[in-house]
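So the structure is just underneath, and the comments pick up after that.
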Amino acid sequence: RYLFLQNNQFNSLNTFTGLNILLYFYVHNNNISGTIPDFSGCPKLIRLYLHNNSFSTYFSGSFVTLTSIKLILLQNNNLTSTEINNIIRDLFDNYGNFNRSGVAVNLADNSPPTGDEVIDKLNFLKNIAGWSITTD
């Protein structure tokens, strides 16, 4: 249910499958680079701490099926605008699937989101759905 891997010198992670009871995943303050793991097989995940690493890519669809997510911390990574855009699209789809408020997401200290479509989805999540999303 709880996986605590923070404050180590890890530089990579594998995909997590079959962890359908995982609630909290802490892997912040490492040196992990590459792709954010696919968390679509962890539908009960509530808190996801991925900040202060070197993630540069995102597995599209990873956040869409998180039925219980309340907090995603991704600040201070190396995510490009394309990856941030994909994350925002998936978060928007997550809201469309589960219609929940009160989700907090921190995407600061990565590249900014771009494009009218993504900015509209971001503004909807922040202003209509009541999500707290930090991008700067």
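Excluded from the calculations below are hydrogen atoms, water molecules and symmetry mates; all remaining heavy atoms, backbone and side chain alike, are included.
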[X] side-chain N/O to [Y] backbone N/O, donor-acceptor pair under 3.5 Å:
X      : Y      : answer
Asn123 : Asp120 : no
Ser54  : Asn78  : no
Asn110 : Leu74  : yes
Asn76  : Asn52  : no
Glu83  : Tyr58  : yes
Thr134 : Leu107 : no
Asp90  : Ile87  : no
Asn106 : Ala108 : yes

Shortest non-hydrogen contact from Trp131 toward Arg100: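 So the two residues come closest at NE1-O, 2.8 Å.
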Minimum heavy-atom separation for Lys126 to Ile133, with atom names?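 For Lys126 versus Ile133, the nearest heavy atoms are CE-O, 3.6 Å.
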Going only through I, L, V, M, F, W and Y residues with side-chain contacts under 4.5 Å, is there a path from [X] to [Y]?
X     : Y      : answer
Leu22 : Phe4   : no
Phe92 : Ile128 : yes
Ile36 : Val64  : no
Leu19 : Phe25  : yes
Leu71 : Tyr2   : yes

Taking the ring of Tyr49 and the ring of Tyr24, is the distance between their centroids below 6.0 Å?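 For Tyr24 and Tyr49, the ring centres are not under 6.0 Å apart.
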Please tell me whether Tyr95 and Phe124 form a close aromatic pair, meaning their ring centres lie under 6.0 Å apart.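 For Tyr95 and Phe124, the ring centres are under 6.0 Å apart.
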